[in-house]
Amino acid sequence: MINKLSKFIKFVKDVKSKQKDYNTPSPDKVSYVGGQQDFDYSLDKNAQRLKNILGKSDDIIFREFHFGVKHQTKALIGFIDGLGDKKLILEYVVKSLMVNIHITDPHGKLVDKENLFDDIQKNILNIVEATEVKNMDEAIDTILSGNTLLLIDGCKKGFAVSAKGGESRSIQQPETEVVIRGSRESFVETIRVNTSLIRKTIKNPNLIFETLVVGKQTRTDVCIAYIQGIANDKVIQEVRDRINRIDTDVILESGYIEQFIEDNPLSPFATIGNSERPDKVCAKLLEGRVAILCGGTPIVLTVPYTFVESLQVPEDYFSRPYLTNLVRILRVLALFVTLTLPAVYISLTTFHQEMVPTVLLVTFAAAREGIPFPVLIETLISEIIFQLLRESGIRMPKAVGTAVSIVGTLVIGQAAVEAGIIGAPMVIITALSAITSFILPSIYDAIIILKFAMIFISSAFGLFGVIVGMFCILAHMCSLRTFGTPFMSPLAPINWSDMKDSIIRFPLWIMRNRPKVITWKKSGRQASKQMPNKPNEPNKKKGGKNY
C-alpha cells in the first residue's frame, strides 16, 4: 500500500514537472533544429538535415536538379504538395534556372560562386517574389508556410519563393449578412484573396497590410489592415502589440484572436466587430478603424467596435434615409422586446396582476389552468425548447434543418400546449421574443444570456427587478471600452457630431466628417455644399450650378 502511494506521488510529481517544462517559455521551443543553425556549403548536407526534420511526411516534396551548361550545379527545391503551385515552380524556378544564360559566362562556364546567388536573384527570380533565407529555421518556416525553398550547392543562403497555390473556395454570396441592394461578394478562407477584395475597393496607396504569424503549431497568418493617415496610430500599435503578445499553440479562426485581444473578456457584450462582407470592412477602414484578417476563415475582425454598429447593416447606406431610420428604431424596439418581454410577462402574472386588464387576466388564467408548473418554470421550458430547436436547425444539413424547425415549431409547440406543459400565451411570448432576437444577429449572444438573467430577476422581484436589471445592463455597457473608445459612443458620452449616424441616420451629404471617437485625423471625408439642387433652380448661395 505504501509502495503504491509513493509511486502515485512520484507519478504526479513527474507529470507536474513535465507540464512546468512545457509551459515555461524557452528559446529552443521556437527552434526546429536546436538553435539557428546556418547552412553548409554542401547541398547534400543541407538536404539531409531538412529531410531528417521534414522528410517523414509524404506531402512534403524535395526535388534535386542540375543547371548550367558545361559545369553543372546541383540545386534543391522543397515545398508542400497541395500548397505550392507546381506550374509556377516549374516555369519560373526550375526552367528559368536551367535555360537562363545569366548564370554562365560567355564561354559557357558558371560565373563565380560568390556572385551566383545575386545573379539568380536579380536575373532569374525577378518575376516571382523571392526573399533570402539565412538558416535552417527560416528554411523550415518557408516550407511550412506554403512557400517554396530553393537551395543551391555552394551557397550558404537560400531563397524563399512565393509560389503558393492549391485549391480554394470561390467568392460567393455572404450567408450571414444578406442584403437586397449591395455587393454579393464575401470573404473566403484565403487571406491574399481577402486582401485583394479590400484593395479592389480602396485604391489608396496608404492602405497598409501587415502580416504576422501567430500560433506555435498552426503558424497562422494574421494580417492587420488600416489606412495610414486616417486610422489612429495608437490603436494600430495597440492592435499590433496585443496580437504579438498571443502565445498559444493554435489559431484556427479569427474568434481565437478576438478572445485573446478583447478589452472585456468577462462581459457578455463583444467589443470587437466581425463581418464577412468586403464592402462593410472597407467602410470601417475608411472611418478610421483597423481590420484583422486571419488565414483559414472568411470572418474579418474590426476594432474599435461600438454598440451602435450592432444596430446598423450595410444596406442602411444604400437606400434613402427615411425607411432606414424607421427600421433602425424598430431594431432598438426589438432589442428591448427580446430582453424584457418574458420577464415582464412573469412580473405581470406573478406580482402585478392589477396592472393587467381584467379580461386579459382572465384569459391568461384560463390558458394556465391545468398547468402544474409556476410561470418561471413554464418560461424556462419554453425558452430552452426554442434554443434546442434553433441549435439543431443550425447544426443539421440545410434540407433537414428546415424540416426540424417546422416540426419543432408546429408539432412540439402545439403538443406541449395540448399536454398542459405550457400555456398558449407563453408560446406567443417565446415566439415574439425569438423573432425580435433574430433582427440583431451581431448582438444575439449577449441578449440571449441577459434575457435569461432578466427572467430570474423578474421572478424574484417583479417589475422592480426588471427596471433595476435594465439600469445595471445600461451602466455596464457605459463602463465598457474598446481599444480606448467608449463602447456606447456617441450615445454615452454624447457626441453630437457623431449622432448623425447612430440610431438616426442623416442623409449622406450631411455626414461630412468621420466619427471623431474613432479618429480625429483627417476627420473630413467629403466637401461641404454637397446637397443636390434642382437643375433649373440653382442655389447660388450654397454654390449650386445651373446645368
Side-chain angles (χ1 to χ4, degrees), residues 264 266-270 307 310 330-357 360-361 363-394 405 408-409 412-417 419-478 480:
N264 306 279
L266 301 180
S267 171
F269 292 96
F307 169 72
S310 60
L330 290 177
R331 288 178 195 140
V332 176
L333 180 62
L335 175 63
F336 281 102
V337 169
T338 306
L339 268 178
T340 61
L341 186 59
V344 170
Y345 177 74
I346 293 173
S347 301
L348 293 178
T349 55
T350 307
F351 296 95
H352 313 286
Q353 292 91 345
E354 69 278 4
M355 297 179 66
V356 183
L360 187 59
L361 186 62
T363 305
F364 284 168
R368 296 204 70 251
E369 187 178 4
I371 296 176
F373 307 112
V375 182
L376 172 62
I377 302 300
E378 183 188 3
T379 307
L380 290 177
I381 291 173
S382 180
E383 291 289 341
I384 290 173
I385 289 175
F386 167 72
Q387 293 298 329
L388 292 174
L389 290 173
R390 173 184 171 274
E391 189 68 15
S392 61
I394 293 174
S405 301
T409 306
I412 296 180
Q414 185 176 358
V417 173
I421 299 175
I422 58 175
M426 181 52 65
V427 175
I428 298 173
I429 296 292
T430 305
L432 186 58
S433 174
I435 291 170
T436 52
S437 67
F438 291 142
I439 298 175
L440 302 165
S442 58
I443 202 173
Y444 180 84
D445 296 353
I447 59 177
I448 293 302
I449 293 172
L450 294 174
K451 181 170 72 171
F452 277 99
M454 295 293 290
I455 288 172
F456 285 109
I457 292 174
S458 65
S459 65
F461 304 104
L463 283 179
F464 175 75
V466 174
I467 295 171
V468 172
M470 290 299 294
F471 273 107
C472 290
I473 293 171
L474 192 60
H476 173 69
M477 293 170 69
C478 292
L480 298 177

Tell me every residue that passes side-chain contact (heavy atoms from CB on, under 4.5 Å) with [X], counting only those two or more places apart in sequence or in another chain.
X    : result
S459 : I346, L376
T349 : Y345, F364, V375
L361 : Q353, V356
I449 : none

*Distance in Å, S433 OG paired with F386 CZ, rounded so as to fall on 0.5 Å steps*: 7.5 Å
*Report the distance from atom CG of L450 to atom CD1 of I455, rounding to the nearest 0.5 Å.*
11.0 Å
*For I381 and M426, run side chain to side chain contact (heavy atoms under 4.5 Å, CB included): C-alpha distance rounded to whole Å, both residues' side-chain angles, the deciding distance at 0.1 Å, then the answer.*
CA-CA 10 Å; I381 291 173; M426 181 52 65; over 6 Å; no
Only distances under 3.5 Å count here; give the side-chain donor-acceptor pairs of residues 332-340 to other protein atoms, sequence neighbours excluded, each with its distance to 0.1 Å.
from, atom 1, to, atom 2, distance (Å)
T338, OG1, A334, O, 2.8
T338, OG1, T436, OG1, 2.8
T338, OG1, S437, N, 3.2
T340, OG1, F336, O, 2.5

*For I422 and F373, run side chain to side chain contact (heavy atoms under 4.5 Å, CB included): C-alpha distance rounded to whole Å, both residues' side-chain angles, the deciding distance at 0.1 Å, then the answer.*
CA-CA 8 Å; I422 58 175; F373 307 112; over 6 Å; no
*Tell me, do L380 and F452 make a side-chain contact under 4.5 Å, heavy atoms counted?*
yes
*Validation row: T379, T430 side chains within 4.5 angstrom (heavy atoms)*: no
*Does the pair M454 and I473 meet the rule for a side chain to side chain contact (heavy atoms under 4.5 Å, CB included), with working shown?*
CA-CA 10 Å; M454 295 293 290; I473 293 171; 4.1 Å; yes
_Residue list, ring-ring contact (aromatic ring centres under 6.0 Å, His included) with F351, at least two apart or on another chain_ = none
*Would you please name every residue forming a side-chain hydrogen bond (donor to acceptor under 3.5 Å, both in side chains) with S347, sequence neighbours left out?*
none
*Counterpart residues, side-chain hydrogen bond (donor to acceptor under 3.5 Å, both in side chains), relative to H476 (two or more places apart)*: S267
_Could you report the tightest heavy-atom contact between I443 and S310, atom names first, then the distance?_
CD1-OG, 4.0 Å
*Heavy-atom pair with the smallest gap, counting every atom of A446 and P268*: CB-O, 3.3 Å
_Residue list, salt bridge (Lys or Arg N to Asp or Glu O under 4.0 Å) with R368, at least two apart or on another chain_ = E378
*Partner set under salt bridge (Lys or Arg N to Asp or Glu O under 4.0 Å) for E391, not counting sequence neighbours*: R395
*What pairs meet the salt bridge (Lys or Arg N to Asp or Glu O under 4.0 Å) rule with one or both residues in residues 438-463, with sequence neighbours excluded?*
E383-K451
_Does anything in residues 341-356 form a salt bridge (Lys or Arg N to Asp or Glu O under 4.0 Å)? List the pairs, not counting sequence neighbours._
none
*Just wondering, more than 12 heavy atoms not from F438 lying within 6.0 Å of its CZ?*
yes
